[in-house]
Protein chains: 2
Amino acid sequence: MPYTYEFPRPALTVDIVAFALAREQIQVMLVRHDSESLGNPWALPGGWVRVDETLGEAARRELRAGTGLTDVFLEQLYTFGGLEPDGCERVVSVAYYALVNLAGRIVQTRPETGDTAWFPIQEPPEMVLYHDSILSMAYERLRGKVRYQPIGFELLPDKFSLRQLQHVYEVILDRKLDKRNFRKKVLSMEFVVALNEIEKDVAHRAAQFYRFDRRKYERLAKKGFQFEI
Amino acid sequence: MPYTYEFPRPALTVDIVAFALAREQIQVMLVRHDSESLGNPWALPGGWVRVDETLGEAARRELRAGTGLTDVFLEQLYTFGGLEPDGCERVVSVAYYALVNLAGRIVQTRPETGDTAWFPIQEPPEMVLYHDSILSMAYERLRGKVRYQPIGFELLPDKFSLRQLQHVYEVILDRKLDKRNFRKKVLSMEFVVALNEIEKDVAHRAAQFYRFDRRKYERLAKKGFQFEI
DNA sequence: CCTTCTTAGTGTGTATTATACACTATTTCA
DNA sequence: TGAAATAGTGTATAATACACACTAAGAAGG
């Protein structure tokens with residue numbers, strides 16, 4: 001027990017809310033919590049912050065360790081410092097949320113086996129202590145932010161069709177959008193660029209692929225351009 | 001040295017960016033930093049988080065201790081967990097920002113004396129380590145948020161004229177607004193209610209006073225109303 | 001090869017909202 | 001009593017958002 005301080009210090013953790021799109025729904029990644037005592041509930045992936053890494057590094061490390069996910073969009077959400085019930089250690093948790101492009105990876109959305117699983121955001125399982133409120137806040141942030149920041153692209157592969165993009169927005173905002181108005185708006189953004197490539201192996205007219213040009217977007221944003229869907 | 005842990009723990013602090021409106025400018029409250037060694041630079045008010053208080057409580061306590069301010073709008077901004085240069089203790093800082101209604105309190109905006117002072121946001125003094133980036137982020141948040149949330153009212157007394165309100169927006173957004181369009185928009189919000197009271201002791205036609213009815217606002221917001229200026 | 005199925009892709013008119021703009025009213029003070 | 005200062009008011013035009021329905025292309029199956 002070598003680490004000693006003059007005043008008590010709360011333990012510091014990161015927790016990550018990883019969102020992805022699968023089966024027409026937003027899914028969230030959960031892991032089985034260690035503590036067998038509490039009926040083995042689900043929890044957000046997370047863990048202690050080491051003293052030699054930044055908070056963002058800790059979040060990425062924990063996400064990789066818990067789920068194998070890497071190279072994802074990651075943004076700080078909020079820091080939860082509520083007091084624990086008597087007798088528990090004081091824990092302060094810095095929550096992050098991640099947007100994951102599953103890009104066709106096979107996703108098992110029901111926790112039949114294994115200790116990580118994706119759950120539809122509409123029907124999360126019972127979760128460890130405050131994780132349900134972290135999850136709610138993260139989803140609220142996603143819904144709010146997706147309209148004013150180009151983060152919807154993060155849930156899609158690099159190449160995507162406008163149909164896929166519209167679908168992302170329809171699922172997150174939970175309402176149908178008009179196809180013509182949506183295309184008009186998106187195609188007016190010059191950082192959504194058409195590729196010389198179309199869909200393959202579809203049983204209907206193949207759609208054009210597009211990609212999100214982050215550089216162009218950032219140049220425009222610097223000039224005062226306001227993204228909006 | 002009674003507090004001992006199995007793994008090293010970063011120290012946890014809160015720092016508060018307190019904004020107010022004075023002399024036609026946004027001002028930020030700073031305090032003299034303890035450490036005499038570094039030429040006694042300025043710092044955001046803040047301090048250690050105690051183990052028996054929430055983060056918000058710590059922020060309010062530190063703000064009151066450092067500046068005497070109480071009952072202010074306070075919202076979490078971001079948690080800064082960057083690594084310190086070698087040899088320094090690892091410190092994680094949860095930053096908050098506050099909006100203060102000075103309501104005619106006399107404000108000394110130049111640090112001739114005393115160890116707290118308000119500085120115009122445009123010309124902050126030299127500050128301790130990362131506090132300048134916390135300040136920038138807070139100001140950016142304020143500018144972004146003021147357009148979509150009714151937080152401009154927090155910088156004004158309970159009773160205010162539409163001129164004062166417009167002035168708040170003009171200062172924060174750094175551009176002139178059209179008086180008629182501004183009034184039209186604000187008066188269409190039923191949570192800005194006229195009082196039976198007008199300005200006194202002014203050398204011109206006296207303006208009507210209004211107040212922000214938070215209850216009414218929240219009822220509307222729940223129904224989907226989107227504040228916007 | 002022709003029909004059917006499925007999704008891609010396209011334009012216009014209307015309603016709503018944002019913007020630009022200038023004068024009269026009221027009060028104090030000299 | 002008039003000069004100075006700010007309060008308070010309405011309308012026309014431009015820009016944006018929204019509603020809406022058909023043709024095009026490719027695949028599959030008879």
Side-chain angles (χ1 to χ4, degrees), chain A residues 21 23-24 104 146-148 150 152 156-157 159-171 173-190 192-211 220 223-229, chain B residues 21 23-24 104 146-148 150 152 156-157 159-171 173-190 192-211 220 223-229:
Chain A
L21 193 66
R23 320 211 173 179
E24 316 279 296
V146 81
R147 300 202 45 204
Y148 305 107
L156 291 176
K159 300 169 187 176
F160 54 85
S161 68
L162 294 188
R163 174 186 172 71
Q164 288 177 295
L165 186 63
Q166 181 174 345
H167 184 240
V168 166
Y169 281 91
E170 288 181 339
V171 167
L173 301 176
D174 195 28
R175 62 191 168 95
K176 289 297 271 179
L177 301 176
D178 179 82
K179 180 161 69 155
R180 278 172 294 189
N181 294 335
F182 182 82
R183 294 175 68 94
K184 208 188 306 171
K185 193 173 273 179
V186 171
L187 292 177
S188 76
M189 302 171 177
E190 38 184 299
V192 177
V193 304
L195 300 173
N196 281 328
E197 196 173 342
I198 58 172
E199 280 183 328
K200 290 207 160 165
D201 302 320
V202 286
H204 53 80
R205 177 172 173 181
Q208 175 79 237
F209 277 131
Y210 293 82
R211 106 194 134 76
L220 277 174
K223 284 188 201 155
F225 170 82
Q226 240 325 83
F227 180 91
E228 189 177 345
I229 290 273
Chain B
L21 193 65
R23 320 212 172 175
E24 315 279 296
V146 82
R147 301 203 44 202
Y148 304 108
L156 291 175
K159 302 168 185 176
F160 54 84
S161 66
L162 294 188
R163 174 185 172 72
Q164 288 177 293
L165 186 63
Q166 183 175 341
H167 184 239
V168 166
Y169 282 91
E170 289 181 340
V171 167
L173 301 176
D174 194 28
R175 64 191 167 97
K176 291 296 273 177
L177 301 175
D178 179 82
K179 180 161 70 155
R180 277 172 294 190
N181 293 337
F182 182 84
R183 293 174 69 94
K184 208 186 306 171
K185 193 173 276 180
V186 171
L187 292 177
S188 76
M189 302 172 176
E190 38 184 299
V192 177
V193 305
L195 300 174
N196 281 328
E197 197 174 343
I198 58 172
E199 278 183 329
K200 290 206 162 165
D201 301 320
V202 286
H204 52 80
R205 177 171 174 181
Q208 175 81 238
F209 277 131
Y210 293 82
R211 110 193 129 76
L220 278 174
K223 283 188 201 152
F225 169 81
Q226 240 326 82
F227 180 91
E228 189 176 345
I229 290 273

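Side-chain atoms are counted along with the backbone in the values below, which use heavy atoms only and exclude waters and symmetry mates. As the structure is a prediction and not an experimental result, all values here were calculated from the model. To find a chain, count down the sequence lines: A is the first, B the second, and so on, and within it residues start at 1.
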> For A:Y148, what residues pass the ring pair (Phe, Tyr, Trp, His ring centres under 6.0 Å) criterion, not counting sequence neighbours?
Replying inline: B:Y148

>> Mind checking if B:R183 touches a base, just sugar-phosphate, or nothing, with heavy atoms under 4.0 Å?
In response: base

> Quick one: does A:R147's side chain have a donor or acceptor within less than 3.5 Å of a partner on A:I229's backbone?
Replying inline: yes

> Just how far, in rounded Å, is P of C:dA18 from CZ of B:R147?
Replying inline: 10 Å

> B:F160 has an atom CZ; how far is it from atom P of D:dA7, in whole Å?
Replying inline: 14 Å

>> With heavy-atom distances below 4.5 Å as the criterion, would you say the side chains of A:L165 and A:F182 are in contact?
In response: yes

>> If I take atom CG in residue A:L187 and atom C1' in nucleotide C:dG9, what distance separates them, rounded to the nearest angstrom?
In response: 10 Å

> Is there side-chain contact between A:L173 and A:V146, with at least one heavy-atom pair below 4.5 Å?
Replying inline: yes

>> Need one value for A:Q208: base, sugar-phosphate or nothing, where a base atom within 4.0 Å counts as base even if backbone is also close, heavy atoms only.
In response: sugar-phosphate

> Between atom NZ in B:K179 and atom C1' in C:dA25, what is the gap in whole Å?
Replying inline: 11 Å

>> Using a 4.0 Å heavy-atom cut-off, does A:A203 contact any base of the nucleic acid, only the sugar-phosphate backbone, or nothing at all?
In response: base

> Quick one: B:K200 NZ to C:dT28 P, roughly how many Å, whole number?
Replying inline: 11 Å

>> Any non-hydrogen side-chain atom of A:R163 less than 4.5 Å from a side-chain atom of A:H167?
In response: no

> Reckon B:R205 has a side-chain N or O less than 4.0 Å from the OP1 or OP2 of D:dA5?
Replying inline: no

> Please give, in whole Å, the distance from D:dG8 C1' to B:L162 CG?
Replying inline: 10 Å

Only pairs under 3.5 Å count here: list side-chain donor-acceptor contacts from residues 196-210 of chain A, not counting sequence neighbours, and write none if there are none.
from, atom 1, to, atom 2, distance (Å)
A:E197, OE1, A:K159, NZ, 3.0
A:E197, OE2, A:K159, NZ, 3.1
A:E199, OE1, A:A207, N, 3.1

> Roughly, in whole Å, what's the span from CZ in B:F209 to C1' in D:dA7?
Replying inline: 13 Å

>> How would you summarise protein contacts on nucleotides 10-20 of chain D per nucleotide, using B for base, S for sugar-phosphate only and - for none, with heavy-atom distances below 4.0 Å?
In response: BB------BBB

>> Judged by each residue's nearest nucleotide on DNA chain D, which is more toward the 5′ side, A:V202 or B:Y210?
In response: B:Y210

>> So A:R175 and A:L177, do their side chains get closer than 4.5 Å, heavy atoms only?
In response: yes

> Atom CG of B:D201 to atom C1' of C:dT28: distance rounded to whole Å?
Replying inline: 11 Å

